[in-house]
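In what follows, every chain begins at residue 1, and chains take the letters A, B, ... in the order their sequences are listed.
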Number of protein chains: 2
Amino acid sequence: MRGAKRDCRSCQAVSYCLCCQLTTEEREAFENLAGTRRVLRRGERLFAQGDDFRSLYIVQSGSAKAYVISEDGNQQITGFHYRGDLLGVDGMEVGMQTYTVEALETSSICEISFAEFERLHANTAGLRQQFFKVVASELAREKQRMLVLGKLYAEQRLAHFLLDTAAHLEGRGLAHSEFVLTMTRHDIANYLGLAVETISRLLTRFDSADLIRVRHRQIRLLDAARLRALLYDTEQPVVVLRATA
Amino acid sequence: MRGAKRDCRSCQAVSYCLCCQLTTEEREAFENLAGTRRVLRRGERLFAQGDDFRSLYIVQSGSAKAYVISEDGNQQITGFHYRGDLLGVDGMEVGMQTYTVEALETSSICEISFAEFERLHANTAGLRQQFFKVVASELAREKQRMLVLGKLYAEQRLAHFLLDTAAHLEGRGLAHSEFVLTMTRHDIANYLGLAVETISRLLTRFDSADLIRVRHRQIRLLDAARLRALLYDTEQPVVVLRATA
DNA sequence: CGTGACATTGAACGTGATCAAACGGAGTGG
DNA sequence: CCACTCCGTTTGATCACGTTCAATGTCACG
């Protein structure tokens with residue numbers, strides 16, 4: 001499919017993509033940017049840390065995890081990504097990908113040559129604006145994650161994860177009060193800086209407390225309000241205590 | 001000083017600034033961008049989370065801390081910033097600052113009207129490139145921080161902080177094997193997701209082990225190699241053990 | 001010289017990790 | 001169809017890292 005013209009109008013991610021603000025002509029120019037549509041199966045990599053940076057990527061459908069690895073092999077999942085998400089920005093101007101992206105399920109991803117993107121970016125106001133927007137929100141989102149990893153209790157981290165995932169899915173026009181976790185418990189644990197066992201126990205507790213309903217990877221949010229309260233009231237725990245329960 | 005023309009050539013941060021790649025004419029256009037040079041004293045804020053977004057800021061001299069606050073008042077320092085650092089990017093297109101910046105010492109900061117910056121950005125390749133570079137490296141840096149906050153032991157976090165600070169200072173043309181920590185122990189602890197007491201104890205331990213020399217806020221790196229080893233060898237601790245020592 | 005913020009040091013506790021084992025579902029082959 | 005394996009998940013018991021609580025120490029500044 002290399003070299004095939006993009007067809008953004010028929011893409012599932014069009015409303016959440018970099019091209020969502022473009023005029024018809026601009027979008028046509030965007031569609032003509034070189035690149036491939038890639039389909040990845042669970043476990044396959046889109047790119048890996050250290051790879052040459054040549055393209056930006058946008059998730060069209062499916063989901064993926066992104067992670068960084070340190071010199072000693074320590075691995076940290078930095079994010080889970082759904083349709084519309086832009087991947088690979090970090091590598092601009094360093095010439096190298098700074099993290100790895102791996103599909104969590106069969107996923108389709110749109111590749112865009114960065115060199116050509118740069119040219120279009122230079123003379124397309126709508127693209128610049130949307131790019132700013134995406135990058136700014138990624139920066140802000142990462143700062144929020146520092147707060148999660150630096151300050152929250154295990155219980156709060158999981159509550160945050162569930163609510164944040166729901167919100168993210170909602171923003172992408174996907175089902176959000178009931179959804180499937182495409183990642184393993186191990187992935188969630190890694191993402192939240194906790195042990196797998198902790199995730200497993202907390203999910204069970206949340207289920208018992210009727211905050212959520214968990215059945216394997218199927219999640220239903222039963223009481224988002226109480227989840228949110230759990231996240232904010234550090235003094236007076238709501239239902240599921242840390243020590244108690 | 002509002003409206004005063006910038007004079008980049010005499011600025012301490014010129015080699016590390018957004019304007020560092022510009023041609024003479026381009027830099028003159030950059031100098032003409034509206035904005036103020038602001039001088040902040042220790043504890044004064046450059047902007048606060050929730051403020052209207054109107055400008056970008058570049059540290060000219062001094063240092064500052066940036067932090068986010070959650071609804072329940074939980075606070076997380078997201079970064080310490082030195083000359084050349086660009087601040088406020090996260091607020092682009094959201095119209096609102098997403099974090100707070102506070103001076104750690106008397107500091108001078110260059111304010112740039114975003115509206116005007118955007119115009120110059122549109123037709124100045126060098127500015128776009130440098131902006132990409134800065135934003136990409138901030139994104140990558142934040143991902144590294146997730147690894148620190150999610151995976152490392154207290155000892156490794158502090159080692160990372162010291163080495164990372166040194167590297168950052170070096171990249172900014174500042175003294176890096178011996179430097180002054182302009183932030184309190186409390187700030188370091190918050191930044192690293194640890195308690196103040198832990199920082200204090202570890203600094204003492206690092207000093208005893210001749211990894212560094214600490215005297216109040218004055219730090220001298222004695223053995224960067226061993227600090228680095230401490231950071232990577234999780235199996236075979238180098239000198240300063242976790243349980244032992 | 002007193003006051004207050006910042007920093008250090010010690011002792012006890014607690015959250016979440018680690019270790020260990022069993023369980024369950026999905027896929028495979030007899 | 002059923003054993004079988006494999007991987008992901010759950011559950012229980014113990015342990016440890018880092019927190020919390022408390023007290024003392026130190027520096028800067030009125």
Inset, instruction - Ignoring the backbone of B/A154, work out which of D/dC27, C/dG16, D/dG18 is nearest its side chain. - result: D/dG18

Legend entry - Integer-rounded Å distance: D/dT11 C1' and A/R205 CZ: 14 Å

Inset, instruction - In whole angstrom, give the distance that lies between atom CD of B/E155 and atom P of D/dA16. - result: 16 Å

Legend entry - A/E155/A/R205 salt bridge by N-O under 4.0 Å criterion: yes

Inset, instruction - Round to a whole Å and report the spacing from CG of A/L181 to C1' of D/dT9. - result: 13 Å

Legend entry - Separation of atom CG in A/N190 from atom C1' in C/dA17, rounded to whole Å: 14 Å

Inset, instruction - Would you kindly give the OH-to-C1' distance between A/Y153 and C/dG14, to the nearest whole Å? - result: 9 Å

Inset, instruction - Flag the pair B/E138 and A/K143 as a salt bridge only when some basic side-chain nitrogen lies within less than 4.0 angstrom of an acidic carboxylate oxygen. - result: yes

Legend entry - For atom CG of A/L202 and atom P of D/dT11, their distance in whole Å: 12 Å

Legend entry - Length of the line joining B/L194:CG and D/dA16:P, which is rounded to integer Å: 20 Å

Legend entry - side chain to side chain contact (heavy atoms under 4.5 Å, CB included) partner of A/L192, chosen from A/I77, A/D187, A/I199: A/I199

Legend entry - Upstream residue (5' side of DNA chain C) when A/R215 and A/G193 are each assigned their closest nucleotide: A/G193

Inset, instruction - Quick one: which residue pairs count as a salt bridge (charged side-chain N to carboxylate O under 4.0 Å, His left out) with a foot in residues 79-89 of chain A, not counting sequence neighbours? - result: A/D85-A/R172

Legend entry - Sub-6.0 Å ring centroid separation between B/Y57 and B/F47: yes

Inset, instruction - Whole angstrom is fine here: how far is it from CZ in B/R42 over to C1' in D/dA28? - result: 12 Å

Inset, instruction - Assign a letter to each nucleotide of nucleotides 7-13 of chain C from its 5' end: B, base within under 4.0 Å of a protein heavy atom; S, sugar-phosphate only; -, no contact. - result: SBBBB--

Inset, instruction - Could you verify whether a donor N or O on one side chain and an acceptor N or O on the other, from A/Y67 and A/Q75, lie under 3.5 Å apart? - result: no

